[in-house]
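Structure first, then comments.
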Amino acid sequence: ELTRRLNSALRDLRGRGKLSEKIVDEALRDVRRAMLEADVNYQVAKDFIRRVREKAIGQEVLKSVRPAQVVVKIVHDELVQLLGGEASTLDLSSSGSTVIMLVGLQGSGKTTVAGKLALHLRSRGKKTLLVAADVYRPAAGDQLSLLGEQIQVPVYVASGKKPVEICAKAKERARREGIDAVLLDTAGRWHIDKEMMQELVDIRRKVAPDEILLVADAMTGQEAVNLAKEFDALLDLSGVVLTKMDGDARGGAALSLRAVTGKPIKYVGMGEKLDALEPFYPDRMASRILG
Amino acid sequence: VRGHGCLDAELLEQMEEILIRGDVGVETTAKLLEGLKEKSRAAGQLKPGQILAILRQQIEEILGDERSKESSLPLSSTPHVILVAGVNGTGKTTSIAKLAKIYLDRGRTVLLASCDTFRAAANEQLEIWARRLGVGMVKNQPGADPAAVAFDALRAAQARGIDVLIIDTAGRLHTKSTLMEELKKIKRVIGKQIQNGPHETLLVLDATVGQNAISQARLFHEALGLSGILLAKLDGTAKGGIVIAIKDRLNIPVSYIGIGENLDDLERFDVGKFVGALFS
Ligand SMILES: Nc1nc2c(ncn2[C@@H]2O[C@H](COP(=O)(O)OP(=O)(O)OP(=O)(O)O)[C@@H](O)[C@H]2O)c(=O)[nH]1
Ligand SMILES: Nc1nc2c(ncn2[C@@H]2O[C@H](COP(=O)(O)OP(=O)(O)OP(=O)(O)O)[C@@H](O)[C@H]2O)c(=O)[nH]1
Ligand SMILES: [Mg+2]
Ligand SMILES: [Mg+2]
């Protein structure tokens with residue numbers, strides 16, 4: 001789609017061996033528009049375009065190739081490099097129980113991701129424990145308990161206790177019972193809610209999770225940058241899970257999250273069922289963002 | 001962004017950034033800036049304060065809607081049926097509880113119906129809200145046909161002479177045709193049982209969602225015919241500017257805004273306040 005649009009935009013600009021500034025700027029105007037339409041953050045898109053511009057100007061254009069194709073290839077490759085990096089797996093290397101904490105905004109899909117990760121781990125032979133650390137949302141404990149039942153993973157629910165204590169007690173129980181992986185499902189919250197963010201900081205200090213994953217909706221708009229910055233600054237995230245990727249959101253938030261935190265996107269949610277968890281593929285994401 | 005007459009390029013770029021970062025989107029932003037350039041052409045000299053005023057006025061013109069000037073709680077028949085739909089996790093169940101409270105505060109009787117037969121503990125979640133509100137709730141058997149539950153709830157509301165019936169549905173992606181068909185069936189069943197039912201069909205949008213909200217609005221509107229949007233989670237940092245594009249292209253007004261997780265956190269949409277917040 002982008003290549004087609006660029007081909008028509010650059011139709012009359014035949015590159016003579018090298019990409020001129022004029023051709024590159026013309027092409028990048030369309031690329032920038034595509035990225036903003038895909039929800040890439042305004043500033044992130046600006047920085048990205050500037051980097052690509054430097055790489056593109058002066059690039060060789062073979063006789064058989066159109067200038068648009070060269071620009072799109074440079075953009076696509078740069079996007080893949082930015083999105084990619086380390087492998088998308090959980091760090092299960094710690095001896096004893098691996099504690100994985102899930103955080104994010106309201107309704108982003110944390111509880112469902114907890115269930116998905118639990119199923120994923122249990123099917124790899126890991127003794128897993130789900131922990132209901134959301135004491136605010138009506139029936140949050142019931143929701144997680146039902147998910148645990150569906151996949152035969154025990155769920156730790158302690159009504160009346162505070163989240164920090166719940167997580168601490170769960171970790172103790174995990175150590176006693178030789179549990180391999182503990183998944184802490186926390187309540188959705190704003191990155192600007194000082195009290196609720198402090199609660200996450202307290203859990204982290206008390207329990208020292210091996211992984212802190214930001215669960216973010218693939219359709220998040222421009223604010224992806226601010227929420228990522230804040231969660232990462234306070235918690236030093238180990239990775240991101242992008243949910244609801246089975247929809248038609250272009251997912252530019254992925255680039256924003258990655259650009260702002262530098263942390264890897266480890267998994268994507270591809271549906272409501274607990275088996276709908278897939279590894280993150282940077283090249284597929286790049287094509288999706290560019291449309 | 002090129003400069004234009006008395007509008008210098010830097011100022012236009014600042015305006016563009018504010019609008020894009022408010023999730024207004026590329027196309028609508030371009031349209032607003034184009035309108036600004038035309039007005040500046042006509043006016044000759046424009047001060048920066050005037051530029052902001054022109055943009056605000058353009059947006060208010062798009063968002064303004066006679067329908068929202070009607071009595072804020074139209075009750076056309078007994079019961080007044082409100083069908084609530086939307087993508088996963090946008091805030092439907094919570095918003096329904098808040099909406100019920102608004103009606104209760106005005107002395108109306110309310111019945112809630114949980115037609116989410118899929119999500120784990122969906123019944124339990126709505127039940128807790130119903131208990132807090134002191135209203136009845138029709139629950140479902142997980143896996144049951146949501147249209148059958150809606151039908152039962154409507155019959156119950158009619159039998160008891162309830163003023164307002166609010167129907168909660170499962171979250172679903174607009175791209176899943178079988179799930180959209182399920183919604184259409186719920187609507188058909190209601191329409192057969194009561195004239196003009198459902199009297200309101202609200203799409204709950206998450207204010208933190210970007211351009212995909214347009215696709216959501218379009219497909220839910222095609223399937224159900226929306227009477228309005230409930231823009232939830234506007235108490236964060238997202239501006240929800242996407243509703244401008246939705247109103248401009250689909251003529252669907254915003255009816256309510258959700259500004260928190262508690263029962264009192266729902267307000268009727270105020271265009272002036274919304275546009276003010278967009279530029280703050
Ligand atoms: N289609 C689709 N739906 C998803 C996906 N992940 C989660 N959901 C749905 O999104 C909705 C919200 O999921 P939850 O797991 O309750 O979200 P949460 O972040 O725990 O919500 P809070 O605890 O209230 O903040 C539910 O309807 C889920 O079924 C996904 O990958 N695809
Ligand atoms: N801050 C804030 N949170 C909200 C608002 N509305 C809903 N929420 C939260 O968003 C999360 C999801 O709300 P639900 O009411 O379960 O959303 P839903 O659309 O019914 O979700 P599904 O049924 O899974 O599709 C919960 O944690 C709510 O407390 C709002 O206006 N502001
Ligand atoms: Mg949850
Ligand atoms: Mg719900």
Side-chain angles (χ1 to χ4, degrees), chain A residues 32-43 45-46 105-112 115 136-150 187-193 216-227 230 243-244 246-253 271-272, chain B residues 16-27 29-30 87-94 97 118-129 131-132 142 170-176 179 206-216 219 232-233 235-242 260-261:
Chain A
R32 178 176 171 267
R33 179 185 180 116
M35 292 180 95
L36 292 178
E37 285 174 345
D39 290 322
V40 175
N41 176 266
Y42 188 91
Q43 196 56 47
K46 207 171 182 178
L105 300 191
Q106 297 87 343
S108 63
K110 299 171 292 298
T111 304
T112 306
Y136 311 96
R137 172 179 160 138
D142 292 332
Q143 184 188 4
L144 195 64
S145 296
L146 273 163
L147 295 184
E149 252 172 66
Q150 285 176 23
R189 70 203 64 213
W190 290 124
H191 48 296
I192 52 169
D193 186 331
D217 199 324
M219 37 183 124
T220 308
Q222 293 285 312
E223 277 306 298
V225 151
N226 286 330
L227 82 98
E230 208 50 39
T243 61
K244 307 175 204 171
D246 45 319
D248 61 352
R250 296 265 292 276
E272 296 197 61
Chain B
E16 183 194 53
E17 180 165 1
I18 291 176
L19 293 172
I20 297 279
R21 290 180 60 166
D23 284 317
V24 174
V26 173
E27 200 179 302
T29 296
V87 159
N88 307 74
T90 53
K92 298 175 291 300
T93 306
T94 310
F118 174 77
R119 240 277 315 284
N123 272 325
E124 288 81 343
Q125 183 187 8
L126 191 60
E127 201 157 18
I128 289 174
W129 285 118
R131 215 177 320 124
R132 288 179 185 172
R172 70 205 64 218
L173 292 181
H174 47 298
T175 45
K176 309 214 161 152
L179 298 183
D206 186 330
T208 67
V209 168
Q211 299 306 300
N212 193 250
I214 299 181
S215 174
Q216 295 175 25
L219 292 185
K233 307 182 197 169
D235 49 311
T237 48
K239 306 283 183 175
I242 197 65
E261 304 193 53

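As the structure is a prediction and not an experimental result, all values here were calculated from the model. By convention in this document, chain letters (A, B, ...) are assigned in the order of the sequence lines, proteins followed by strands, and residues within each chain are numbered from 1.
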So do the side chains of [X] and [Y] get within less than 4.5 Å of each other, counting heavy atoms only?
X: Glu272(A); Y: Phe118(B); result: yes
X: Arg33(A); Y: Glu27(B); result: yes
X: Glu261(B); Y: Arg137(A); result: no

Sort out for me which of [options] touches chain A most, counting heavy-atom pairs under 4.5 Å.
options: Glu127(B), Lys239(B), Gln216(B), His174(B); answer: His174(B)
options: Asp206(B), Ile128(B), Val209(B), Thr175(B); answer: Val209(B)
options: Glu124(B), Lys176(B), Lys233(B); answer: Lys233(B)

For chain B, the option from [options] that forms the most heavy-atom pairs under 4.5 Å:
options: Asp248(A), Thr111(A), Leu144(A), Leu36(A); answer: Asp248(A)
options: Asn41(A), Leu146(A), Asp193(A); answer: Leu146(A)
options: Thr243(A), Leu227(A), Thr220(A); answer: Thr220(A)

Query - Straight-line distance of Tyr42(A) OH to Glu17(B) CD, nearest 0.5 Å - result: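 Nearest 0.5 Å value for the OH-CD distance: 5.0 Å.
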
Report task. Kindly compute the distance separating CG (Asn123(B)) from CG (Asp142(A)), expressed to the nearest 0.5 Å. Result ->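 With rounding to 0.5 Å, CG (Asn123(B)) is 11.0 Å from CG (Asp142(A)).
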
Shortest non-hydrogen contact from [X] toward [Y]:
X: Asn88(B); Y: Lys244(A); answer: O-NZ, 2.9 Å
X: Ala121(B); Y: Ala139(A); answer: CB-O, 4.0 Å
X: Gln222(A); Y: Asp23(B); answer: N-OD1, 3.0 Å

Query raised in the report: What part of Asp235(B) is in contact with chain A, defined as an atom under 4.5 angstrom from a non-hydrogen atom: side chain, backbone, both or neither?
Result: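 Backbone plus side chain of Asp235(B), per the 4.5 Å heavy-atom cut-off to chain A.
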
Query - Donor-acceptor side-chain pairing of Thr237(B) and Glu223(A) below 3.5 angstrom - result: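 On atom types as modelled, these side chains qualify, holding a pair under 3.5 Å.
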
**Report entry** Criterion side-chain contact (heavy atoms from CB on, under 4.5 Å) on Met219(A) and Leu173(B), from CA distance to verdict
**Finding:** CA-CA 11 Å; Met219(A) 37 183 124; Leu173(B) 292 181; 3.9 Å; yes

Requested in this report: Please look at Gln43(A) and chain B and tell me whether the side chain, the backbone, both or neither of the residue comes under 4.5 angstrom of a heavy atom of that chain.
Outcome: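 The side chain, not the backbone.
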
